[in-house]
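A short write-up of the structure that comes next.
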Amino acid sequence: MNWEISESYILSAQVQALEAKLTFLKSFIPFAKMRGTADIPALLLAHFEVAALNAARLSYMFSYWDDAKEMHNPEFYSMIYEQQQKIRAVDFQVYEIYMEVLRATRSSKSLHYRMMDQQILNNFNDSLIGCLWELFCCSSSFMDSMKDEMGILYAGLRFLRSILREHQEKMDEQNEKIGALLSEAGIIICSPSLNRVKGGEVSFSESTDALDCYDMLANTNIHIKHFKDQISGSSIIESIPSVHSLRAPEVSKTSSRMLSKGKMPITHEVMVGLDDEAEKVIERLVSGSKQVEIVPIVGMAGVGKTTLAKKVYNDRSVICNFHIRLWCTVSQEFNMKNVLLQILCSDGKHSRKDEFQNLDEHALLEKLYQRLLKNRYLVVFDDVWDIEVWNELRIAFPNDKNGSRIIFTSRFSNVASEVQYGGEPHYLHPLSEKESFELLLKKVFGKEDCPQGLRGIGMEIAKKCRGLPFAVVVVAGILATIEHDILVWEEFAESLSSTTVSGTDQWKKSLELSYEHLPYHLKACLLYFAAFREDEKIGAKNLMRLWIAEGFVEKIEGKRSEVIAEEYLMDLIGRNLVMVSKSGSIGGVKTCYIHDLIFEFCKDEAKEKKFLRVLQGYDELSIFIEPPNLPRLSIRSSVEDFIKSKLFCPHLGTLLFFYVTPGYEFRLVNISFLFCIYKHLKVLNLEGINLWLKEFPTEVESLLCLRYLALTAWYMKFIPPSIAKLSHLETFCLVSGVTVSLPDSIWNMKKLRHVHVRHGVVIPFSSNNNVVENLSILPNLDTLSTLHLDLDEEGENILRRIPNVRRLKILDLGGQNRVCCNMSRLACLESLTLLCHFSSSRESFPMNLKKLSLYNLGLPCSEMSLIEQLPNLEVLKLRVQSMEGQRWELMEGGFPKLRVLTLEYVLIVEWIETDPDSDDYFPCLQQLKLEGIPNLKMMPACLGVISTLETITVNFCGDGVKSLVREIEEAQKYNGNENLKIIYEKY
């Protein structure tokens, strides 16, 4: 496989080189004729003929070598290389001809009598941009001596591209000038001396034409600027997409009106006035016609359509009525494959995601159809803007006449009324004044009472929101952060005129008010959400690492940046600007998102404040010109369009790439251009591109400012030692399908905080020095996953070199019955995941652990006290033979802080207490999950009396375990706990 990847790189480079020559010739000859060249030189035509014949031969080879394995035969590559050399032999002679033709066109008298063909100009301009891009990507003294002027020329050509895209009659008179400018630029770009630099034959400083070339370049830039100034006041330039420079808000050293540290924000969704609405919708879902039916929920933006749909979706009667419940968010700009993936994966079975990722839309439609067939299903399509989404998906929804239902939420009543199975829309109306006030109080005070003195002014504020829940919630977010004093609230009410939060844009006005109340650092954090896709559920930890890398998070001595960033996130949640999508098992936020209205606001505000630009598709990418001080770009396009656009932003600070079609694999074999051009990056996220490389390019060392690096490369095995030159790197994420070897130089990266390699990573010990204390360490490493190592003495020494790690995932490479290394030295470790076989010693687990997940541990039940006595353990997940034996006796006084316990595919039969009469077991347990343990015959009686128990989830356990759980449920009810939830998951 490694050889194939290397050869694929060579093949791709050769084919791309030939394609570039053909494209240039195809655009050059029509341009030359249009500009007045009567006769094209014979050598140039001969060159065109050679290139065309070689392309035909290559095409024949591809069709002949149709077997994938045969295409990797060395003979095939040598034949391609031979064809390439036939062109290269005359390349530099041809560059002389290019310049000769272009000089002739520049002085042709027939120029003024020819109608300029705009498409020909556009094609030639694109070719010049491609040639100039190649020059930027070559490493030589050329870039150092002329990069500024070349950058100006590149921006000028992209400006001309934007002009040529406009199809207006007024532009015909400008095309003649553009043609002359392209001839000038072509003479420079086709200079043999520059192309010898590009070919590696000579350095630019050795070229005798260097000075002349520089003078021509400077003059051409002046001519393009003069042309731009001439038309800057015309209607032509007004129609071109505007470009803004972007600046980040300054991080404030002091936080104004932060939420009280003693009060956690309300992270659950508060609902008011929806009970009657929900009852009506539920009635339509569980009764009525047996035909499949669409139930549309329609209302204005921010009125609570999604909230109502969630309430109905999670109602117990709805859960019991349908075999399958699925959910997707469509949004204004939807991608069909993404919608299908959302639906298929929305039941929480993330293990199936990889199975679906590489399927095309047709295969996904078939999967969905088979999934729904013969089942009574409920599928929610949230935020539907266009009927097209249903027209493309409806074939996947069988009508088995069993009462299946589909919910649409939309701002537009005609979305569902025009479709097959469409029912009468359920119109969601604004809240009453009383309901608005009730919602306001719940969002501001939670379960606490509102002071009597604030009730009157609170009602007045609620009235001004005109019944729009979104406006009420946003305003409540402001009230939660200001002093609860009647004078302060009266002052706020005065500023909150009824026109501020009413009318067609009332949601936008309330958001503007809320945004203005944010301190600077929270403004930056909120606007950063615009960099992601609409309705995307964003991993909270990853988001906070990005905030830190961007410099939004204040540095406070003695306090970890991650803690401060989490406070920022919770503050935004408390202000009702960010919503929790998924919570952690013991609190905290796993994933979060923002309302689509807030997303629209952030996107517009980020652009206006020159904070962030979002580019979508080739049309926007191809004409974008880097403004001064461009801090960050978020790109949403196909990889092909990204590469084709030749985007040149050498001063860019952040580049985030999101592929438009999730799961589509575009194999990019060369990313060297990133390191040659984007040298000022602090944040680089290319997880949407699959790099077809086995070793990371050594050119990475040029990104000296990099703090955050995230990549996908399924076959990458090696990271070069030069990565250590990234002395500021804090986060390194790599999605790989193979184990990755990090270099020994990794120990010199003292600022490294988070390393995530999906399949696994090997870190060398590489030292003959037996004194571990003398070795370099990674003092700031906070997170490491997944570390492959032998849990022996050498493995222990590696762990000692990451003394402050808090989250660690390990795959033990050793065999069974290995003596565990001593991990108790990891005093800061809070979360540990072990996938291994070994016999543990009493010093194995650090005493500060809060979360422990074990796979194949083989720990005897008689030694479970090693875990039970951990004083701070809050989450324990025992999975897949992590315990050995059939009888587990709980130690009295054990698990003093355990809140979540999961038992999956373990072999225990009897699970009991040492002393059934004692109540000193699981004093804090809230959640119990049992999966794949059908032989369990006995469960601790204490589970029936624990007052803190909230949920028991059962899956694949058989009737015997269900009977035991029912006994626990009855005991809990007898002891006064009526709220215990028993969940029998359906897979």
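Note that these values count all heavy atoms, side chains included, but never hydrogens, waters or copies made by symmetry. For clarity, every value in this text was computed on a predicted model and none was experimentally measured.
Using modelled atom types, no side-chain atom of Gln616 and backbone atom of Arg636 make a donor-acceptor pair closer than 3.5 Å. Of the possible donor and acceptor atoms, one in the side chain of Asn221 sits under 3.5 Å from a partner among the backbone N and O of Glu149. Arg158 contributes a side-chain N or O that, together with a main-chain N or O of Lys646, makes up a donor-acceptor pair within less than 3.5 Å.
Nearest heavy-atom pair across Met216 and Ile187 is SD-CG2, 4.1 Å. Taking all atoms of both residues into account, the shortest heavy-atom contact from Ala713 to Leu693 is CB-O, 4.5 Å. Taking both residues in full, the closest heavy atoms of Ala185 and Leu153 are given as CB-CD1, 4.1 Å, listed atom of the first, atom of the second, then distance. Looking at every heavy atom in both residues, Asp619 comes nearest to Ser622 through O-OG, 3.3 Å. Scanning both residues, Leu681 and Leu684, for their nearest heavy atoms gives CD1-CD1, 3.9 Å. Shortest non-hydrogen contact noted between His680 and Pro650 is CD2-O, 3.0 Å.
Distance NZ/Lys225 to CZ/Phe159: 11.0 Å, rounded to 0.5 Å. Here the CG-NZ distance, from Leu703 to Lys682, works out to 14.0 Å after rounding to the nearest 0.5 Å. In this structure, CD1 in Ile689 is found 4.5 Å from CZ in Phe657, a value given to the nearest 0.5 Å. Here the straight-line distance linking atom CG of Leu726 with atom OH of Tyr708 works out to 15.0 Å at 0.5 Å rounding. Residue Asn125 holds its CG atom at 9.5 Å from CZ of Phe31, rounded to the nearest 0.5 Å. In this structure, Leu182 CG and Glu184 CD are separated by 9.5 Å, a value rounded to the nearest 0.5 Å.
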>> As a quick check of understanding, evaluate side-chain contact (heavy atoms from CB on, under 4.5 Å) for Leu181 and Phe227, giving each step before the final call.
In response: CA-CA 9 Å; Leu181 292 172; Phe227 172 74; 3.8 Å; yes
> Stepwise, does the side-chain contact (heavy atoms from CB on, under 4.5 Å) test hold for Met150 with Ile188?
Replying inline: CA-CA 10 Å; Met150 279 293 185; Ile188 297 167; 4.1 Å; yes
>> Assess the residue pair Leu157 and Phe648 against the criterion (side-chain contact (heavy atoms from CB on, under 4.5 Å)); give the C-alpha distance rounded to whole Å, side-chain angles, the decisive distance to 0.1 Å, and a yes or no.
In response: CA-CA 11 Å; Leu157 293 178; Phe648 182 72; over 6 Å; no
> Ser27 and Asp126: side-chain contact (heavy atoms from CB on, under 4.5 Å), yes or no, with the steps?
Replying inline: CA-CA 9 Å; Ser27 65; Asp126 284 351; over 6 Å; no
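In this structure, Lys26 and Asn123 have side chains that are not in contact, with every pair of non-hydrogen atoms separated by 4.5 Å or more. The closest side-chain heavy-atom distance from Leu612 to Leu527 is not below 4.5 Å. Side-chain contact check for Phe611 versus Pro631: every heavy-atom pair is 4.5 Å or farther apart. Contact of the Glu536 side chain with the Phe658 side chain is registered, since non-hydrogen atoms from C-beta on lie closer than 4.5 Å. Side-chain contact between Asn122 and Arg161 is present, with at least one heavy-atom pair separated by less than 4.5 Å. At a threshold of 4.5 Å between non-hydrogen side-chain atoms, the residues Ser645 and Phe624 do not count as touching. With a 4.5 Å cut-off on side-chain heavy atoms, Cys705 and His728 do not count as touching. In this structure the side chain of Tyr528 reaches within 4.5 angstrom of the side chain of Thr654, judged on heavy atoms.
Taking the centre of each ring, Phe599 and Phe529 stay at or above the 6.0 Å mark.
Ile643 pairs with exactly one of Asp641, Leu647, Val639 by the side-chain contact (heavy atoms from CB on, under 4.5 Å) rule, that one being Val639.
One finds a salt bridge joining Glu605 and Lys609 here, because a Lys/Arg side-chain nitrogen approaches an Asp/Glu carboxylate oxygen to under 4.0 Å.
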